[in-house]
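First up is the structure itself, then whatever we jot down about it.
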Amino acid sequence: MVGDHWTDLPGDVPGDDDEEVTLRALADGAALVWGAALPADEGSGRAGLRCTLAAVPGGGYAPVLVVNHKVVDPRRGKGSSTATVTRLLDWAPAPDPTLRVRRHPADLDRLVHAWRLLEAVGHAASSPVGAVLGLGSARAGGARPRAGARPGRPHPRHETGGGAR
């Protein structure tokens, strides 16, 4: 535990059951679980996954991917999509008219996968939501992948909120 409501799982401690620690942190109401280990869902055939999990208003958690690429750029002109951003410890996605989205379909596929794993263990937010924290980011970009999307088969109508600053 790091602070009152922030759990950090480094993933490199021999003998630790990070999946069990993750599920305990979620049950205890941690606001943020960094390095969470979501267990595989044998019923759907989904492999387990490591990501960050952020508590959302109304209950449940949203997966947050930490990636090694930019997810937003400064917005130039009105033709580009406006990014939606949030802070991880104060989940409140809102449009930022100064930023535009850099689309990365693989990120959306991983978010859908992580959200479905959260759903399988009973800790998903009430609707599919997630975020991506990219290079140079102080805020994470929100995304609302549609329910029909499945990893490996991107849904043609993902609603993306973009990236982070």
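Between Asp96 and Thr84, the closest side-chain pair of non-hydrogen atoms is not below 4.5 Å. Within the 4.5 Å cutoff, no side-chain heavy atoms of Leu32 are placed close to those of Leu53. Arg100 is listed as a side-chain neighbour of Asp73, based on a closest heavy-atom distance under 4.5 Å. Within the 4.5 Å cutoff, no side-chain heavy atoms of Glu19 are placed close to those of Leu38. Val132 is not listed as a side-chain neighbour of His104, based on a closest heavy-atom distance of 4.5 Å or more. Inter-residue side-chain proximity for Thr98 and Pro74 is flagged as unmet; no heavy-atom pair is nearer than 4.5 Å. Annotation: side chain of Leu99 is not in contact with side chain of Arg75 (no heavy-atom distance under 4.5 Å). Counting heavy atoms from C-beta on, the side chains of Val72 and Val101 never come closer than 4.5 Å.
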Under 3.5 Å donor-acceptor pairs involving side-chain atoms of residues 58-69, not counting sequence neighbours:
unit_1 : atom_1 : unit_2 : atom_2 : d
Tyr61  : OH     : Ala30  : N      : 3.3
Tyr61  : OH     : Ala30  : O      : 2.6
His69  : NE2    : Asp107 : OD2    : 2.8

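Transitive grouping of hydrophobic side chains (ILVMFWY, heavy atoms separated by less than 4.5 Å) keeps Trp115 and Leu108 in distinct clusters.
Pro39 and Leu117 make their closest contact through O-CD2, 3.5 Å (heavy atoms, listed as atom of the first residue, atom of the second, distance). Across all their heavy atoms, Trp91 and Ala131 have their closest contact at CH2-CB, 3.7 Å. Minimum interatomic distance between Ala92 and Thr86 (heavy atoms only, all atoms of both residues): N-OG1, 2.8 Å. Here the shortest heavy-atom pairing between Thr82 and Pro95 reads CG2-CB, 4.1 Å.
Here the side chain of Thr22 pairs a donor or acceptor atom with the backbone of Ala37 at under 3.5 angstrom.
Residue pairs meeting the salt bridge (Lys or Arg N to Asp or Glu O under 4.0 Å) criterion with at least one member in residues 55-67, sequence neighbours excluded, do not occur.
We find the NE2-CG distance between His113 and Leu118 to be 10.5 Å, quoted to the nearest 0.5 Å. To the nearest 0.5 angstrom, Trp34 atom CH2 is 10.5 Å from Cys51 atom SG. Expressed to the nearest 0.5 Å, how far CG of Leu49 lies from CZ of Arg110 amounts to 6.0 Å. Note that CG of Leu133 is 11.0 Å distant from CZ of Arg87, once rounded to the nearest 0.5 Å.
Classification of Asp18 and Arg50 as a salt-bridged pair holds, one side-chain N sitting under 4.0 Å from a carboxylate O.
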